[in-house]
Undergrad: 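Please find one structure pasted underneath; my questions will follow.
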Amino acid sequence: MKDAQLSALCVRDAVSADVETIAEFNCRLALESEGLRLDPAIVRQGVRLGLSRPELCRYFLAEADEQVVGQVMVTYELTDWRGGLFWWIQSVYVRPEFRRLGVFHALFNHVESLARRLDEVRGLRLYVEKANTGAIATYERLGMAASGHLLYEMDWSATSTSGR
């Protein structure tokens, strides 16, 4: 069964018809990873904005048996020190029944392959909850390493309920 799912796996760009699925995945991700209950209407608004403005981000979806089983979003950061861009991997979500079957690996490889083809891209970055040891182990197996930086933020959005 595992091999059948992996052989049918494909990665594609998200389109406007994927808004509901992406928003649902993002709500599940927030609940699972941070215990946050997001307002689905606000999340749909954010996903629509991202899909309509490719200079802000790009979503990729993994499909198996004609159903979306995972996602990743890429945003862009100018690195003037390195004369190019970092691609930030965000909004990583894989349906629970498809975890540990190579879905994220396929999404990651797709993003890395696209990024390496562009001269201005200097590397990939992501952030992870420090208690998410499973995700950290996955990222390290894929060749990523802790950067040594801490992430700070000031969040004044209406959806910030945790004080962050």
Side-chain angles (χ1 to χ4, degrees), residues 11 13-14 18-19 21-62 70-96 98-100 102-164:
V11 177
D13 280 278
D18 296 311
V19 167
T21 299
I22 296 168
E24 175 192 341
F25 282 9
N26 285 341
C27 288
R28 288 180 180 195
L29 172 62
L31 188 59
E32 285 181 28
S33 66
E34 298 184 37
L36 295 176
R37 291 192 186 279
L38 301 180
D39 180 336
I42 292 174
V43 175
R44 281 191 297 274
Q45 178 183 350
V47 172
R48 281 189 201 99
L49 177 62
L51 288 171
S52 70
R53 304 261 314 268
E55 74 275 13
L56 297 178
C57 73
R58 193 169 171 188
Y59 290 95
F60 299 97
L61 304 178
Q71 74 174 26
V72 67
M73 178 179 73
V74 172
T75 60
Y76 317 103
E77 174 194 5
L78 173 65
T79 170
D80 52 354
W81 286 15
R82 293 180 179 99
L85 299 173
F86 273 104
W87 280 14
W88 278 84
I89 295 173
Q90 300 185 62
S91 298
V92 173
Y93 187 79
V94 175
R95 288 185 187 272
F98 286 90
R99 292 179 186 164
R100 305 199 60 78
V103 174
F104 176 69
H105 194 155
L107 286 161
F108 182 88
N109 286 344
H110 183 79
V111 167
E112 181 184 17
S113 175
L114 291 174
R116 285 185 181 274
R117 286 187 229 149
L118 300 173
D119 289 338
E120 71 270 12
V121 180
R122 301 296 183 251
L124 301 175
R125 286 185 169 162
L126 56 77
Y127 56 88
V128 60
E129 287 293 317
K130 60 186 171 190
N132 193 344
T133 56
I136 292 167
T138 296
Y139 302 144
E140 289 177 354
R141 277 193 305 273
L142 291 170
M144 299 192 85
S147 69
H149 293 90
L150 296 176
L151 178 67
Y152 286 76
E153 69 179 12
M154 182 182 292
D155 183 352
W156 55 82
S157 69
T159 61
S160 178
T161 59
S162 66
R164 290 195 234 173

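Since we're looking at a predicted model, the values are computed, not measured.
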Undergrad: Is there a side-chain contact (heavy atoms from CB on, under 4.5 Å) between F25 and T21? Walk through the geometry before answering.
TA: CA-CA 6 Å; F25 282 9; T21 299; 3.9 Å; yes

Undergrad: Side chain to side chain contact (heavy atoms under 4.5 Å, CB included) with T75: which residues, sequence neighbours excluded?
TA: C57, M73, W88, Q90

Undergrad: Quick one: pull up CG in L36 and SG in C27 and give me the separation to the nearest 0.5 Å.
TA: 10.5 Å

Undergrad: My understanding is that only residues two or more places apart in sequence, or in another chain, count here; which of them pass side chain to side chain donor-acceptor pair (under 3.5 Å) with R122?
TA: none

Undergrad: How long is the gap from CG on L78 to CZ on F86, to the nearest 0.5 Å?
TA: 10.5 Å

Undergrad: Can you find a heavy atom in the side chain of F60 that is under 4.5 Å from one in the side chain of L114?
TA: yes

Undergrad: Determine whether the aromatic ring centres of residues Y139 and F104 are separated by less than 6.0 angstrom.
TA: yes

Undergrad: Kindly give the heavy-atom pair with the smallest separation between A62 and V103, and that separation in Å.
TA: CB-CG1, 3.7 Å

Undergrad: Report the distance from atom CG of D39 to atom CD of Q45, rounding to the nearest 0.5 Å.
TA: 9.5 Å

Undergrad: side-chain hydrogen bond (donor to acceptor under 3.5 Å, both in side chains): which pairs involve residues 104-115, sequence neighbours left out?
TA: H105-N109, E112-R116, S113-R117

Undergrad: Not counting sequence neighbours, which residues clear side chain to side chain donor-acceptor pair (under 3.5 Å) with S147? List them please.
TA: H149

Undergrad: Under the ring pair (Phe, Tyr, Trp, His ring centres under 6.0 Å) test, which residues partner Y59, sequence neighbours left out?
TA: none

Undergrad: I'd like to check the side chain to side chain donor-acceptor pair (under 3.5 Å) partners of D13; sequence neighbours left out, ordered by chain and number.
TA: R58

Undergrad: Does R82 have any side chain to side chain donor-acceptor pair (under 3.5 Å) partners at least two apart in sequence or in another chain, and if so, which?
TA: none

Undergrad: Distance from I42 atom CD1 to N26 atom CG, nearest 0.5 Å?
TA: 13.0 Å

Undergrad: For residues V92 and L29, determine if any side-chain heavy atom of one lies less than 4.5 Å from a side-chain heavy atom of the other.
TA: no

Undergrad: Could you give all pairs that pass the salt bridge (Lys or Arg N to Asp or Glu O under 4.0 Å) test and reach residues 130-148, with sequence neighbours left out?
TA: none

Undergrad: What pair of heavy atoms forms the shortest contact from L38 to A30, and how long is it?
TA: CD1-CB, 3.5 Å

Undergrad: Roughly how far apart are M154 CE and Y152 OH, rounded to 0.5 Å?
TA: 13.0 Å

Undergrad: Using a 4.5 Å cut-off on heavy atoms from C-beta on, say whether the side chain of L85 contacts that of E77.
TA: no

Undergrad: With sequence neighbours excluded, what pairs up with R44 under the salt bridge (Lys or Arg N to Asp or Glu O under 4.0 Å) test?
TA: E20

Undergrad: Sequence neighbours left out, what passes salt bridge (Lys or Arg N to Asp or Glu O under 4.0 Å) with R99? Give chain and number order.
TA: E32

Undergrad: Would you call R125 and M144 a side-chain contact if the rule is heavy atoms closer than 4.5 Å?
TA: no

Undergrad: With rounding to the nearest 0.5 Å, note down the distance linking CG in L124 to CZ in F108.
TA: 5.5 Å

Undergrad: Check side chain to side chain contact (heavy atoms under 4.5 Å, CB included) between V121 and all other residues, then give those that pass, not counting sequence neighbours.
TA: W87, A115, L118

Undergrad: Just jot down the side chain to side chain contact (heavy atoms under 4.5 Å, CB included) partners of L61, sequence neighbours excluded, or say none.
TA: R12, A14, D18, I22, V68, Q71

Undergrad: Taking all heavy atoms of S33 and all of E129, pick out the closest pair and write down the distance.
TA: O-CG, 4.0 Å

